[in-house]
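As the structure lists them, so they are numbered: ligands from 1, and atoms in each ligand from 1. Only a predicted model underlies this, so the values are computations on that prediction, with no experimental measurement involved.
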Amino acid sequence: MTLKLRRLSNALGAEVCDVDLTQPMSESTFGEIYGAFLQHGILLFRNQNISREQHIEFSRRFGELDDHKSLPRDRHPDYPELLLVTNRPNADGTPSESRYTGRSWHTDMSYTTQPALGSLLRCHNLPEVGGDTLFANMTMAYDALSEGMKKLIADLHGIHLSGTRKINVAEAGEARRNEVMKLNPPIAQPVVRVHPETGRKALYLGEKVKRFESMTEEESKPLIDYLNRHATKPEFVYRQMWRENDLLIWDNRCTLHQALGDFDETQLRHMERTTVLGTPSGYVTAA
Ligand code: SIN
């Protein structure tokens with residue numbers, strides 16, 4: 001089979017138009033999908049009325065899945081492979097812990113030493129309007145830098161901090177804060193990461209990075225801010241306007257993404273995500 005692809009933007013992404021994920025898929029069709037994933041950075045499958053098991057099974061074809069043990073409160077109670085991104089209140093009426101997940105530019109699990117290869121996000125429920133997600137092409141952003149800037153950042157490491165570290169001690173207590181800090185120590189990652197499959201260089205930053213290794217926050221901030229601003233310019237970005245039953249996979253090794261809060265928070269937005277483990281990268285460092 002030759003896949004029918006439709007490009008989603010100039011920067012990145014393609015829609016796979018003729019695949020039904022409820023049906024068995026041959027190795028050769030999956031090989032074409034994987035090739036398209038490496039080429040386009042994002043693949044969108046529309047109208048996929050799949051079960052949770054089918055979501056997990058398809059995701060496994062991309063590699064071993066994370067069981068989200070570093071995010072125990074956000075994972076699905078019956079399916080540890082599924083991470084909830086939802087504003088549906090908890091059974092006791094308290095707000096969902098994951099209602100603001102992904103609201104800044106980031107790449108998944110960069111605050112671990114085995115950052116994600118890819119993530120497959122399925123849209124279950126959407127508000128009437130909005131609830132969009134932005135994606136940015138970090139290979140394109142790197143390529144567009146001057147040779148001088150490429151030299152300057154070549155050996156830098158950014159310190160990535162998990163968003164779960166930002167817990168409210170007054171509400172959650174000191175013990176919970178310490179538990180979360182222990183589960184998620186700061187991780188130094190190369191600012192320029194070589195994609196393990198395509199061999200291409202990409203910026204590997206985002207808003208979870210507050211400083212460079214061996215530099216202070218004050219020293220690091222201007223360059224981090226510049227690189228993040230540069231990388232998320234409109235020409236490097238695709239805006240995903242979700243429809244129910246969309247399944248979208250992105251390559252975390254060469255893209256950033258951000259969930260926008262561009263919707264009425266009283267309306268339900270419910271997404272479920274699998275996370276495909278990547279190759280080891282980075283090391284534990286001091287806060
Ligand atoms: C995420 O960052 O994984 C969630 C993105 C979204 O909800 O749009």
task = Before accepting this row, confirm whether a basic side-chain N of the pair Asp143/Lys201 lies closer than 4.0 Å to the acidic partner's carboxylate O.
result = no
key: Any N/O pair His106/ligand 1 closer than 3.5 Å   = yes
key: Salt bridge flag under 4.0 Å for residues Glu147 and Lys150   = yes
inquiry  = Does any N or O of ligand 1 fall below 3.5 Å from an N or O anywhere on Thr133, backbone included?
reply    = yes
inquiry  = As an exercise, identify every atom of ligand 1 less than 4.0 angstrom from a heavy atom of Val85.
reply    = 7 (O)
ask   = Quick one: does ligand 1 sit under 4.0 Å from the side chain of Leu121, the backbone, both or neither, non-hydrogen atoms only?
value = side chain
query = Is the shortest distance from a Lys or Arg side-chain nitrogen in Arg269 or Glu244 to a carboxylate oxygen in the other one below 4.0 Å?
reply = no
ask   = Side chain, backbone, both or neither: which part of His257 comes within less than 4.0 Å of ligand 1 when only heavy atoms are counted?
value = side chain
request  = Under 4.0 Å from a heavy atom of Gly102: give me the atoms of ligand 1 that qualify, with their elements.
outcome  = 2 (O)
request  = Output the list of atoms in ligand 1 that are nearer than 4.0 Å to some heavy atom of Arg273, sorted by atom number.
outcome  = 1 (C), 3 (O)
Carboxylate-amine/guanidinium contact Arg211 Glu219, below 4.0 Å = no
message = Less than 4.0 angstrom from a charged side-chain N to a carboxylate O is my criterion; do Arg273 and Glu81 meet it?
response = no
key: NZ/NE/NH1/NH2 to OD/OE distance under 4.0 Å, Glu15 and Lys4   = no
ask   = Salt bridge or not for Arg52 and Asp78, using N-O below 4.0 Å?
value = no
Contact (N/O only, under 3.5 Å) between Trp242 and ligand 1 = no
query = Within the structure, does Arg269 bring an N/O atom to less than 3.5 angstrom of an N/O atom in ligand 1?
reply = yes
